[in-house]
Amino acid sequence: MITKLLFSLCAFATLASAAVCNVRDHGAAGDGKQKDTAAIARAIEKCAQAGGGTVEFPPGRYLTGAITLKSNITLDVNAGATILGSPDTEDYPLHPTVWGDGREEYSALIYAEDVENITIRGRGTIDGQGQNWWRRMGRPGGARAPQVQRTPGELADMQKIAAHGRPMLIRLVRSKFVVIEQLHLINSPMWTIHPLLCEFVRIDGVTIQNPVPSPNTDGINPESSRNVQIINNRIDVGDDCVTLKSGMNELGRKMGRPDENITISNNVMLRGHGGVTIGSEMSGGVRNVVVSNNVFQGTDVGIRVKAQRGRGGVVEGLTVSNIVMQDVVSAFTITTFYMGRDKPEDVFPVDEGTPRFRDFHFSNITARGSRTAGQITGLKELAVENITFDNVRIQAQTGITCTSAKDIAFRDVVIDTDKGPALTMTNCSSVDTSRLSTRTKHEGVPLVVP
């Protein structure tokens, strides 16, 4: 009896210490017209003063500027509740970038910096109302409008965006023990979820929808973060679905913080530029990445690793398995020529700006309806190396091309093409094609063009 009483008292104390702060109780109107920014901030502060707790959004429409989270806070967006991003630039304070370059960027709609133990969850919706920002940058319907068609106010807004970017939907900086789950995230002005220099992040069961085309509206972009799980999500966006990054050029190399220990599993990726992309801002390195049990449908590329001379950084330890791709333009694109005017035949000295790609393994993958099976393009001065394809089936209009690559193995790989060879190689060495085959032989066309 005494034990039960002590247990009950402990449970009561725990519940009592965990504050529940309803934003309506702190003055939020929830009518989608009045700005509830101050009321939401009061609710967060109340929970923080209690040592932590839940900030609750009951059904309603909450128009707000940037929301800044504190440690030990759960943001709970109930079913029937929608957080609406303010269309006004002044509602998003500026924050210095983490790269030490002197620039300032607009706050995300949901922002946290140097916090721990935070959760953003619920069956409700967070709507960034990105249309306001795309219009300001001259992209009202995806296409770029001529400047002569812009009003003076719109031109001034374009200058602000050029200087400070656009708000992301959720951005977490130097934070740890973070969970984002269940939510419906739509119309992000720019990237949707951006953990930056974070640790122990789980993004689980989230639906992300940004219209196609909408500029730079990536789904989930961990950058220079470690121990990240991206699981059970549905992502349909105007740019890459999931992208791994670690800073750009000298600033990324100076920070020296790789994106590492990342698992991306049980997701459905739709229509984005890339299903899972690494780079091109990967100058701090990307390593130890597992991509498994995913479906890519209608994306431009399935698996994409991209960089260019000057970026530097090492991408290594990538394992991709149990993937189904349908109507993906290019199943695999691994390139060190993402941007710039250099050509594959050029040779430059190997230095800190030379990107290095190595140790990639692809297995149990099916791709149907592709335009091309893919491309692997390294540098003449530093080849892409140690890549294996194991039990891979690709049906595409054209086969895969390898340029400046070495130690490549095709094991139980079938590449069926509408025309041309299954594999074309240029400046490659140690390529094992003994277990590469096709079911669509073309008269006078070899399986492999060396």
Side-chain angles (χ1 to χ4, degrees), residues 10-11 13-21 40-41 43-57 66-78 83 95 98 107-124 126 168-185 191-208 219-233 235 242-247 255-267 284 286-290:
C10 289
T14 301
L15 290 171
S17 64
V20 176
C21 302
I40 295 167
I44 291 171
E45 183 60 29
K46 181 76 171 182
C47 273
Q49 289 176 356
T54 299
V55 175
E56 186 174 12
F57 289 78
I67 297 170
T68 301
L69 297 180
K70 299 188 176 184
S71 292
N72 307 315
I73 294 292
T74 293
L75 205 68
D76 195 344
V77 186
N78 294 179
I83 295 176
H95 297 287
V98 302
S107 171
L109 178 60
I110 311 292
Y111 182 80
E113 183 174 337
D114 298 314
V115 302
E116 60 182 32
N117 303 324
I118 61 170
T119 298
I120 308 169
R121 71 181 185 195
R123 296 293 184 181
I126 302 178
M168 299 178 191
L169 202 68
I170 299 174
R171 190 181 209 187
L172 314 163
V173 180
R174 290 186 302 269
S175 299
K176 60 184 179 179
F177 308 120
V178 174
V179 175
I180 303 172
E181 59 185 1
Q182 300 180 330
L183 290 159
H184 188 198
L185 308 177
W191 299 349
T192 308
I193 301 176
H194 183 216
L196 174 60
L197 298 167
C198 290
E199 296 185 67
F200 304 105
V201 177
R202 175 167 59 86
I203 303 167
D204 187 352
V206 169
T207 297
I208 300 176
I220 302 171
N221 290 7
E223 184 164 14
S224 296
S225 293
R226 59 172 65 108
N227 305 322
V228 178
Q229 294 178 296
I230 300 171
I231 54 177
N232 307 318
N233 304 292
I235 305 172
V242 174
T243 304
L244 309 184
K245 299 176 179 287
S246 60
M255 179 77 73
R257 175 75 179 267
D259 228 15
E260 60 183 335
N261 308 339
I262 314 288
T263 55
I264 304 167
S265 301
N266 304 331
N267 303 285
V286 177
R287 63 192 183 198
N288 307 338
V289 178
V290 173

Min side-chain heavy-atom separation I83-F57 under 4.5 Å: yes
Determine the minimum heavy-atom distance between G53 and C47, stating which atoms define it. C-SG, 3.9 Å
If only atom types and distance count, is the side chain of N267 paired as donor or acceptor with the main-chain N or O of I230 below 3.5 Å? yes
Looking only at non-hydrogen atoms, find the nearest pair between G219 and T192 and report the distance. O-CB, 3.1 Å
Report the residue from L244, T243, N221 that forms a side-chain contact (heavy atoms from CB on, under 4.5 Å) with D259. L244
Nearest heavy-atom contact between R121 and L183 is O-CD2, 3.4 Å
F200 side chain reached by E116 side chain, heavy atoms, under 4.5 Å: no
Can you name the nearest heavy-atom pair linking S224 to S246, along with the distance? OG-CA, 3.3 Å
CG on N227 to CG on N261, rounded to 0.5 Å: 5.0 Å
Quick check: do V178 and N117 have side-chain heavy atoms less than 4.5 Å from each other? no
Can you list the residues that meet the side chain to side chain contact (heavy atoms under 4.5 Å, CB included) rule with D204, with sequence neighbours excluded? E181, R202, I231, N232
Polar side-chain atom of S175 near backbone of V115 as donor-acceptor pair, under 3.5 Å: yes
Hey, could you give me the OG1/CG distance between T119 and L75, rounded to the nearest 0.5 Å? 10.0 Å
Rounded to the nearest 0.5 Å, what's the gap from CG on D114 to NZ on K176? Could you check? 11.0 Å
Quick one, K70 with E45, criterion salt bridge (Lys or Arg N to Asp or Glu O under 4.0 Å). Give me CA distance, side-chain angles, the key distance, then yes/no. CA-CA 8 Å; K70 299 188 176 184; E45 183 60 29; 2.3 Å; yes
Just how far is it from atom NE2 of H184 to atom CZ of R123, taken to the nearest 0.5 Å? 12.5 Å
For I208, run the side-chain contact (heavy atoms from CB on, under 4.5 Å) check against N233, V242, I220, I203 and tell me which one passes. I220
Is the shortest heavy-atom distance from the side chain of I264 to the side chain of V290 under 4.5 Å? no
Is there side-chain contact between V228 and T263, with at least one heavy-atom pair below 4.5 Å? no
Passes side chain to side chain contact (heavy atoms under 4.5 Å, CB included), M255 versus L197? Steps please. CA-CA 10 Å; M255 179 77 73; L197 298 167; 4.2 Å; yes
Got I120 and I170 here, is their nearest side-chain heavy-atom distance under 4.5 Å? yes
For R287, which residues count as a side chain to side chain contact (heavy atoms under 4.5 Å, CB included) partner, sequence neighbours excluded? P258, E260, E316
Do L169 and I193 come close enough that some side-chain heavy atom pair is under 4.5 Å? no
Side-chain heavy-atom pair I118, T74 within 4.5 angstrom cut-off: no
For I44 and I67, what are the C-alpha separation, side-chain angles and deciding distance, and is it a side chain to side chain contact (heavy atoms under 4.5 Å, CB included)? CA-CA 9 Å; I44 291 171; I67 297 170; 3.5 Å; yes
How long is the straight-line distance from CE of M168 back to NE2 of H194, given to the nearest 0.5 Å? 5.0 Å
Which atom of R174 lies closest to which atom of C198, heavy atoms considered: N-SG, 4.0 Å
What closest approach, in Å, do R171 and L196 show between heavy atoms, and which atom pair accounts for it? NH2-CD2, 3.7 Å
